[in-house]
Asker: 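Would you mind keeping the following structure in view while I ask a few things?
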Protein chains: 2
Amino acid sequence: MEASLQAALEALSDPIRRRIVRELAQVPDWSRPCGTFNDLPVAKSTLSHHFSVLRNVGLLEQRDEGARRLNRLRKPEFDERFPGLLDLVLSEP
Amino acid sequence: MEASLQAALEALSDPIRRRIVRELAQVPDWSRPCGTFNDLPVAKSTLSHHFSVLRNVGLLEQRDEGARRLNRLRKPEFDERFPGLLDLVLSEP
DNA sequence: AGTAATGTTCGAGCGTCGTCGAACAGAACG
DNA sequence: CGTTCTGTTCGACGACGCTCGAACATTACT
């Protein structure tokens, strides 16, 4: 972890990744598997790639539960590292 | 003006543009012409392109003074539009 | 065991962006 | 007027990232 500002900005520069982050912020931790993001206009493999980017930048934590993979937005950790950045994304329409 | 978060994040995703912003924040307004950024490892035309991007995203204001073009970082305006974002860049080492 | 569901990985296509040099426009100055 | 300085614009090149489908691994279910 300990992602750089460079990596954080690049990760959040993608509109699909910001949508993932926003949708994830509206549900409790560990409540949404990756497969429930079919509303996004990308293929499964692309979605998996976006999750990987968010994971590497320290925005996302994942946990296996059977076949599914549950997600958690690491808001406290990210807020401490980059104050205000995540809130900007979450306040986006 | 009225840049989107998308445009703001893309503009600040480039390390050279962040260096321009940081250096510009350390001098008074209208004190540094574009030509005084030769320490950056890019050609003149590339530098002009980066200035254009920063201008379009509302981070930079330019004014002609003779042959030179003076710059001003629009910190108050940008802070009001994207609170915290510019400070993250300025606190970067 | 066989099938379905969930995610990842791989290779390839493709657009976008940063980069450069050359050419150009305008201002200052001898 | 000619030169120099400053900055922009243009076309071209190269790299990186988003995208997809196909193949694979793992788990759950009948």
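Naming: A, B, ... by sequence-line order, numbering from 1 per chain. Hydrogens, waters and symmetry mates play no part in the numbers below; they use all other heavy atoms, side chains included.
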Asker: Quick one, which residues of residues 23-50 of chain A touch DNA chain D with a heavy atom under 4.0 Å?
Answerer: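 Listed by number, they are A:Pro41, A:Val42, A:Ala43, A:Ser45, A:Thr46, A:His49, A:His50.
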Asker: Ignoring hydrogens and angles, tell me if any N or O in the side chain of A:Arg32 forms a donor-acceptor pair with the backbone of A:Thr36 under 3.5 Å.
Answerer: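 A pair under 3.5 Å: yes.
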Asker: From the 5' end of DNA chain C to its 3' end, which nucleotides mark the outer limits of contact with chain B, defined by a 4.0 Å heavy-atom distance cut-off (strictly under)?
Answerer: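 The contact span of chain B on DNA chain C goes from C:dG18 to C:dA28.
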Asker: Taking NZ, NE, NH1 and NH2 as the nitrogens, is one of them in A:Arg22 or A:Glu92 under 4.0 Å from a carboxylate oxygen of the other?
Answerer: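 Result for this pair is yes, salt bridge flagged.
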Asker: How close or far is atom C1' of D:dG17 from atom CG of A:Asn56, stated in whole angstroms?
Answerer: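 Computing the A:Asn56:CG to D:dG17:C1' distance gives 14 Å.
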Asker: Could you check whether any side-chain N or O of B:Thr46 sits under 3.5 Å from a backbone N or O of B:Val42, counting only pairs where one atom can act as donor and the other as acceptor?
Answerer: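 No; zero donor-acceptor contacts below 3.5 Å.
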Asker: In this structure, how many angstroms lie between the P atom of D:dC5 and the CZ atom of B:Arg68, rounded?
Answerer: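 Answer to the nearest Å: 14 Å.
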Asker: Below 3.5 Å between N/O atoms, which protein atoms pair up with nucleotides 26-30 of chain D? Just atom names and distances, please.
Answerer:
none

Asker: For A:Arg72, look at atom CZ and say whether over 12 heavy atoms of other residues, nucleotides or ligands are found less than 6.0 Å away.
Answerer: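 It does: A:Arg72 CZ has more than 12 such atoms within range.
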Asker: Strictly by modelled atom types, are B:Arg18 and A:Gln6 linked by a side-chain donor-acceptor pair under 3.5 Å?
Answerer: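 Yes, side-chain donor-acceptor contact under 3.5 Å.
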Asker: More than 12 non-hydrogen atoms from neighbouring residues, nucleotides or ligands closer than 6.0 Å to CZ on B:Arg68, yes or no?
Answerer: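 Check fails, neighbour count at 12 or below.
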Asker: For B:Leu70, is there any backbone N or O sitting under 3.5 Å from a side-chain donor or acceptor partner on B:Arg63?
Answerer: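 Checked: no pair found.
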Asker: Heavy atoms under 4.0 Å, any strand shown: does B:Asp14 hit a base, just sugar-phosphate, or nothing?
Answerer: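 Sugar-phosphate contact only.
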Asker: Would a distance-only check, ignoring hydrogens and angles, find a side-chain to backbone donor-acceptor pair under 3.5 Å from B:Ser13 to B:Leu9?
Answerer: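 Side chain of B:Ser13 to backbone of B:Leu9, a donor-acceptor pair under 3.5 Å: yes, one is there.
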Asker: Spell out, as yes or no, whether a donor-acceptor pair under 3.5 Å connects the side chain of B:Arg81 to the backbone of B:Ala3.
Answerer: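 Checked: pair present.
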Asker: Is a salt bridge present between A:Arg74 and A:Asp79, judged by a nitrogen-to-oxygen distance below 4.0 Å?
Answerer: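 Judged by the 4.0 Å cut-off on N to carboxylate O distance, A:Arg74 and A:Asp79 do not form a salt bridge.
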